**Q** 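Dumping the structure here so I can ask a few things about it.
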Amino acid sequence: MTAPAFAHVPHPSPMADDVRAAAIADPVFGRVFTDHMVSIRYSEDRGWHDAQVMPRGPLSLDPATAVLHYAQEIFEGLKAYRLDDGSMALFRVEANAARFNESARRMAMAELPEQLFIEAVKQIVAVDAHWFPPVEGGALYLRPFMYASEVFLGVKPASEYHFLVIASPVGNYFKSGAPAVSLWVSDDYTRAAPGGTGAAKCGGNYAASLIAQSQAIAKGHDQVVFLDAAERRWIEELGGMNMFFVFDDGSIITPPLTGSILPGITRDALMTLARDAGLTVREEPYAIDQWQADAESGRLTESFACGTAAVVTPVGKVTRGDTSFTIGAGGPGQVTGMLKDRLVDIQRGRAADPYGWVTRL
Ligand SMILES: *Cc1c(COP(=O)(O)O)cnc(C)c1O
């Protein structure tokens with residue numbers, strides 16, 4: 001099918017220049033939004049239609065809108081970067097478009113043509129590029145999402161969907177600028193089970209993970225680590241980041257995509273960069289007890305988490321119940337730093353992009 005053309009409805013009163021400058025000077029992640037949003041509607045009889053770039057504003061929902069009851073909702077997260085020459089670029093947007101549809105299939109939602117997803121993302125960056133934050137590590141964080149908009153309380157896949165893209169200027173994700181995070185292993189809760197929705201980027205996964213994350217914070221840690229649901233033995237991921245483990249023999253491990261782990265695009269990129277840097281990369285289950293034993297013996301030298309929002313985050317300390325162990329010297333490690341630099345240099349256009357990951361706008 002051909003993509004519908006985007007109608008443009010400019011904001012009647014965009015934020016004043018001085019107010020915007022203050023808002024983007026030091027933005028807290030996810031609190032500041034640009035003037036516009038993209039909106040596209042789907043219905044079974046009309047397909048995708050009514051594509052608009054329009055003023056960002058509240059949605060009006062009937063109380064019987066399906067998403068409010070049965071949580072058919074998925075999202076993506078990606079960043080538009082500013083390159084050193086002043087132009088803007090996207091990183092692996094095709095991968096986000098493909099993953100969005102994988103999530104849609106799992107949640108029995110309508111699929112969005114990938115070119116339409118990519119065009120929607122480009123449209124919001126084009127209209128609100130002047131919202132780019134003038135801070136080191138800054139980006140325009142883009143949040144495409146889709147919810148079941150049919151007004152119906154029957155339990156079935158909806159026949160109407162609403163796709164939107166909003167944009168948020170962001171600085172560095174971890175405000176404290178802490179060199180390494182402290183993780184807390186959840187024994188009470190799991191994030192995803194075999195056959196469940198763990199590999200789909202759906203809001204429900206986050207809803208299920210929040211109580212464990214709150215426990216981690218209450219106990220003085222930064223993030224929660226989830227174990228597998230069946231054996232409570234294998235490390236899966238954090239609430240919103242994938243995990244990597246670095247060993248003293250030049251190898252790294254990341255848990256395999258068995259269906260309960262979200263297939264991160266940062267994870268995938270880092271595996272490629274690590275291989276090309278001469279490291280041996282294995283997608284292999286890694287047990288929580290082994291993690292502690294290897295950290296204590298020195299065989300494991302570094303661990304890090306990764307995702308679009310925070311990029312690469314070194315792990316300094318892990319706590320499970322009453323026991324804690326330190327990773328390496330407790331600060332950022334060399335391999336972690338090298339991989340992060342290589343990734344960021346490609347994202348920012350400072351290094352060659354032999355993989356074709358960057359789309360210049
Ligand atoms: C989005 C997400 C990630 C990271 O994926 P990226 O594509 O690297 O941003 C990891 N885990 C979960 C649960 C996620 O939702």
Side-chain angles (χ1 to χ4, degrees), residues 1-7 30 33-34 36-80 90 92-125 127 140-168 196-208 240 262-265 308-309:
M1 89 176 231
T2 54
F6 285 79
F33 300 96
T34 67
H36 295 88
M37 63 185 187
V38 168
S39 163
I40 316 178
R41 298 273 178 182
Y42 175 89
S43 65
E44 250 164 35
D45 47 335
R46 296 181 63 191
W48 290 100
H49 62 278
D50 200 14
Q52 296 189 46
V53 181
M54 60 193 289
R56 181 180 175 281
L59 305 173
S60 166
L61 296 181
D62 187 284
T65 302
V67 66
L68 300 177
H69 303 272
Y70 310 127
Q72 257 192 311
E73 188 271 349
I74 58 171
F75 64 95
E76 272 299 326
L78 71 162
K79 285 175 175 170
L90 299 170
R92 302 194 68 181
V93 61
E94 304 84 3
N96 292 101
R99 186 172 67 186
F100 192 69
N101 278 339
E102 279 156 29
S103 299
R105 281 194 286 278
R106 177 60 184 86
M107 305 305 286
M109 301 170 79
E111 291 179 44
L112 182 71
E114 289 176 21
Q115 280 315 312
L116 194 49
F117 178 101
I118 294 168
E119 186 54 29
V121 165
K122 288 181 176 175
Q123 293 271 348
I124 190 82
V125 176
V127 71
L140 259 193
Y141 182 80
L142 307 170
R143 170 53 61 89
F145 65 104
M146 174 166 71
Y147 64 91
S149 53
E150 186 182 5
V151 177
F152 184 52
L153 289 186
V155 179
K156 65 153 186 92
S159 61
E160 291 170 23
Y161 295 94
H162 189 191
F163 170 82
L164 298 114
V165 188
I166 54 175
S168 173
T197 58
K201 216 166 168 71
C202 63
N205 287 340
Y206 279 74
L262 197 290
I265 295 164
T308 296

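When reading the values below, keep in mind they use all heavy atoms of this one structure, side chains included, and skip hydrogens, waters and symmetry mates. Note that the coordinates shown come from a computational prediction; the quantities given were computed from them, not determined experimentally.
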**Q** Main chain of L112, side chain of N101: is a donor-acceptor contact present, judged purely on distance under 3.5 Å?
**A**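 Yes, N101 side chain to L112 backbone: donor-acceptor pair under 3.5 Å.
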**Q** Please report the interatomic distance CD1(I166) to OG(S39), rounded to the nearest 0.5 Å.
**A** 12.0 Å
**Q** Which residues satisfy the side chain to side chain contact (heavy atoms under 4.5 Å, CB included) test with A95, sequence neighbours excluded?
**A** R92, I265
**Q** I40 and E119: side-chain contact (heavy atoms from CB on, under 4.5 Å), yes or no, with the steps?
**A** CA-CA 11 Å; I40 316 178; E119 186 54 29; over 6 Å; no
**Q** Where do L164 and L59 land on the side-chain contact (heavy atoms from CB on, under 4.5 Å) test, with the steps shown first?
**A** CA-CA 11 Å; L164 298 114; L59 305 173; 4.1 Å; yes
**Q** What pairs of residues pass the side chain to side chain donor-acceptor pair (under 3.5 Å) test when at least one of them lies in residues 57-71, not counting sequence neighbours?
**A**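 Those involving residues 57-71 do not exist here.
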**Q** Do you know which two heavy atoms are closest between V121 and P144, and how far apart they sit?
**A** CG2-CG, 4.2 Å
**Q** So how far is it from H36 NE2 to I124 CD1, rounded to the nearest 0.5 Å?
**A**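 Separation between the atoms: 7.5 Å.
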**Q** Listing request: all salt bridge (Lys or Arg N to Asp or Glu O under 4.0 Å) pairs with a residue in residues 105-118, at least two apart in sequence or in separate chains.
**A**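 Non-adjacent pairs meeting salt bridge (Lys or Arg N to Asp or Glu O under 4.0 Å): R105-E111.
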**Q** Taking salt bridge (Lys or Arg N to Asp or Glu O under 4.0 Å) as the test, write out the residues that go with R41, two or more places apart.
**A** none
**Q** With rounding to the nearest 0.5 angstrom, report the CD to CD1 distance, Q123 to I118.
**A** 13.0 Å
**Q** For the residue pair A200 and M107, what are the closest heavy atoms and their distance?
**A** CB-SD, 4.5 Å
**Q** Under the side-chain hydrogen bond (donor to acceptor under 3.5 Å, both in side chains) test, which residues partner T34, sequence neighbours left out?
**A** D128
**Q** Could you state the interatomic distance from CZ (F117) to CE (M146), rounded to the nearest 0.5 Å?
**A**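 Taking CZ in F117 and CE in M146, the distance rounds to 10.0 Å.
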**Q** List the atom of A110, the atom of A104, and the distance in Å for their closest heavy-atom pair.
**A** O-CB, 3.7 Å
**Q** By side-chain hydrogen bond (donor to acceptor under 3.5 Å, both in side chains), which residues pair with Y42, not counting sequence neighbours?
**A**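 Per chain and number, Y42 pairs via side-chain hydrogen bond (donor to acceptor under 3.5 Å, both in side chains) with no residue.
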**Q** Going by side chain to side chain donor-acceptor pair (under 3.5 Å), name the pairs with one or both residues in residues 141-150, residues two or more places apart or in two chains.
**A**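 Pairs touching residues 141-150 that pass the test: Y141-R143, Y147-H162, E150-K156, E150-S159.
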**Q** What is the ring orientation for F100 with F163, classed by angle as parallel under 30°, tilted 30 to 60°, or perpendicular over 60°?
**A** perpendicular
**Q** Mind checking what makes ring-ring contact (aromatic ring centres under 6.0 Å, His included) contact with F33, not counting sequence neighbours?
**A** none
**Q** Who passes ring-ring contact (aromatic ring centres under 6.0 Å, His included) against Y206, sequence neighbours left out?
**A**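 With sequence neighbours excluded, Y206 shows a ring-ring contact (aromatic ring centres under 6.0 Å, His included) to F75, given in chain and number order.
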**Q** Does any non-hydrogen side-chain atom of Y161 lie less than 4.5 Å from one of V67?
**A** no
**Q** Considering only residues two or more places apart or on different chains, which pairs with a residue in residues 64-80 satisfy salt bridge (Lys or Arg N to Asp or Glu O under 4.0 Å)?
**A** E76-R99
**Q** Which value, rounded to the nearest 0.5 Å, describes the distance between T197 atom OG1 and I74 atom CD1?
**A** 12.0 Å
**Q** Tell me, please, which residues at least two apart from R46 pass salt bridge (Lys or Arg N to Asp or Glu O under 4.0 Å).
**A** none
**Q** For A80 and V125, which heavy atoms make the closest approach, and how far apart are they?
**A**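 The answer is CB-CG2, 3.9 Å.
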**Q** Taking atom CG of L142 and atom CG of L90, what is their separation to the nearest 0.5 Å?
**A** 6.5 Å
**Q** Which heavy-atom pair separates P157 from A108 by the least distance, and what is that distance?
**A** CB-O, 3.4 Å
**Q** State which residues pass salt bridge (Lys or Arg N to Asp or Glu O under 4.0 Å) with E94; sequence neighbours excluded, sorted by chain then number.
**A**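 Residues passing salt bridge (Lys or Arg N to Asp or Glu O under 4.0 Å) with E94: none at all.
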